[in-house]
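Presented below is the structure to which this report refers.
Please read all numbers here as calculations on a predicted model, not as lab measurements. Residue numbering restarts at 1 for every chain, and letters A, B, ... go by the order of the sequence lines.
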Protein chains: 2
Amino acid sequence: MSTISIKDIAAKAQVSTATVSYVINGTRNVSRKTRERVEQVIEEMNYKPNNAAQSLKRRRTNTIGVIAEDVTVFNVPEIIDGINDCADRLDMHILLTNLRLDKRIGRQFDQVDAYRKYAEDAVSELLGKQVDGMIYIGAHPRDLTGLFDTEGKPIVYTYCYTQNDVSIQYDDEQASFEAISYLTNKGHSRIAIISGAVDSMPSRLRLGGFYKAITAFELPFNPQWIKMGDWEAESGYRLAKELLESPEPPTAILAMNDVMAVGVMRAAKELGIQIPDQLSIIGFDNREFSEYVSPSITTMDLPLHEMGYKAMEALSHILQGEQVETGEKPVCKLIERDSVAELAN
Amino acid sequence: MSTISIKDIAAKAQVSTATVSYVINGTRNVSRKTRERVEQVIEEMNYKPNNAAQSLKRRRTNTIGVIAEDVTVFNVPEIIDGINDCADRLDMHILLTNLRLDKRIGRQFDQVDAYRKYAEDAVSELLGKQVDGMIYIGAHPRDLTGLFDTEGKPIVYTYCYTQNDVSIQYDDEQASFEAISYLTNKGHSRIAIISGAVDSMPSRLRLGGFYKAITAFELPFNPQWIKMGDWEAESGYRLAKELLESPEPPTAILAMNDVMAVGVMRAAKELGIQIPDQLSIIGFDNREFSEYVSPSITTMDLPLHEMGYKAMEALSHILQGEQVETGEKPVCKLIERDSVAELAN
DNA sequence: CTGTTAGCGCGTTCAA
DNA sequence: TTGAACGCGCTAACAG
């Protein structure tokens, strides 16, 4: 049974437990002969130090707590994967807490009080487990300042942020700028945008990138081409109809997520407008389905893996007492598919 | 700082550490007055017992290790969610290990030696962490007997299995039987099937359910209607063409996953065959995209959440020394969408 | 430089 | 209700 302790090794190798410990950790010189004998015995008995005991003494667990708002939301698994990727290299482990917010409270992210309790409990448990630090993965980008208190334990946020802690977020402004830039390169100038919910951070930033691009490329500006959606397919459908039936229809639409892009496609189909020949579409998120619908959607891929990786990296720096340089934000990458065409003209 | 120990509480409440421990755990009667005083102090100082110390003494960590072959594969997050759901209720925690197999070795699941090392290391780490047990989540259903040795620690497999351990799997045979049953209810009798890779367990079982249904409903049997795919869209496309161009084309096709179903749709489109009016399609997996393609795909939803939940439940039973009754397998559920039509005739 | 002894970290639990 | 041993590994202090 797995009740082999350092004592058993010491006894069998005819040394003290201290020596065994030194051999395992390389904390001190041990004569070659003794070392080899001890290593031999460890191998034979397949001994693994009890982590609970180590942690107790070392006052660090090499484990970080990851709080995911909901692992089933599309962006989360890839972020976890990034955290894992980095954690593996640092020999850190992950204690995963899944708040299951999507299942428990749906999309009511603004009703903080509905889930504060869940978050507080999670932090409390993790604190009890003596994690060295924490990473919080939001299901939706927003300000979480004051949601809970980690009692001094370092925490890094990703896919959301607070005003006091380190957070890793991708560059929304650059993303929409690049999308517009791509469209202009394809000859488009009459470009409309369908935003997500206006009160959301990414919507505002992406709108910022859009304006910036309009200015930079000296595109015609038409306030009618700016529509406020709500992330849902229905809004994409409805607003695309408005756009396409207007006296000055755009030749390209940037939808702030793929779900709305699908709505746009439905609207176009109903109106007998061919995609991409008569209308180009760019989405956001690179959701799985964007590759399977027809035509497949050209979309901005979110650097989720990188965000997870950087979050872990940042946390590790904090744990080592280093300063975290808030380097460049991870950037989105355009995935070219079949929903954008060169403008004939 | 978080260096508050049981001693601090004991001192401040003027009792021994033993009493504090009894209060916390309710292990023994403590006079009301003392109890309340102690509770008060714990509250005030916001004390949380050090889990490392508890585990060391109790010889159980209330933590299980979850080994996921790849958290970014579509079925895995929902299974983790199910595990979490159950673990929450049992007050257990999850130490997540992500093998990242999809990233590291791709789909070469048959090349066991390519990933044995990763799996062994994961188990070894988890063993060192003193997890009470483990759950292994496969990315693809298959026999994993002999992949590694848990040294007596209980393990439950889900979405894959071994010949020696408890495993939780959904009922493949029932699923395809139900799909065929649904099609016959809609008036179809000329039903074709496109399987996944033949050497895979689910392919075989679903084929079994198909034959069973053919017999039960006395459908015409035509070996030409049974095609062997490989799970990829291209095979769905190619085999659907064969089926639809044959002298006796089916009126309905059951594809063993949604990806191949999309291939079937592409083939139909190319041949000018309307879906669902001239051809009905059922997929498998209820992938995200199946809802967004048009027409949306009627598909068998996998009971992933339930599998995770049951895996955790089974593990917990084993940990309590109870016998695990291998109850009924979780069943798939048909999601009715727009790719199946009642047969006019 | 190599090896040993002994106390510690923190909570649990038995004997008193 | 309490004192003290204990679980397991680490490490300071000490001895050879």
Does [N] have its OP1 or OP2 closer than 4.0 Å to a side-chain nitrogen or oxygen of [X]?
X	N	value
A/Thr17	D/dC8	no
A/Asn25	D/dC10	yes
A/Arg35	C/dT2	no

Under 4.0 Å between any heavy atoms, over every strand shown, what does [X] touch: base, sugar-phosphate, or nothing? Just pick one.
X	value
A/Ser21	base
A/Thr19	base
A/Val15	sugar-phosphate

Output the rounded distance in Å from [atom1] ([X]) to [atom2] ([N]).
X	N	atom1	atom2	answer
B/Asn62	C/dT12	CG	P	12 Å
B/Lys57	D/dG9	NZ	C1'	15 Å
A/Tyr22	D/dC14	OH	P	13 Å

Practice prompt. Mark yes or no: B/Arg100 above the aromatic ring of B/Tyr118, with NZ or CZ under 6.0 Å from the six-membered ring centre and no more than 45 degrees from the axis.
Written response: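 Checked: cation-pi criterion not met.
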Worksheet item: Between C/dG9, D/dT2, C/dT2, which nucleotide has the shortest distance from any of its atoms to the side chain of A/Ser31?
Response: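 Between C/dG9, D/dT2, C/dT2, the one nearest the side chain of A/Ser31 would be C/dT2.
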Discussion item. With nearest nucleotide decided by heavy atoms, which residue, B/Arg28 or B/Gln54, maps closer to the 5′ end of DNA chain C?
Written reply: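 Its nearest nucleotide lies further toward 5', so the answer is B/Gln54.
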Discussion item. For the aromatic rings, using the six-membered ring if either is Trp, is the centroid distance between B/Tyr136 and B/Phe148 under 6.0 Å?
Written reply: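 Yes; B/Phe148 has its ring centre under 6.0 Å from that of B/Tyr136.
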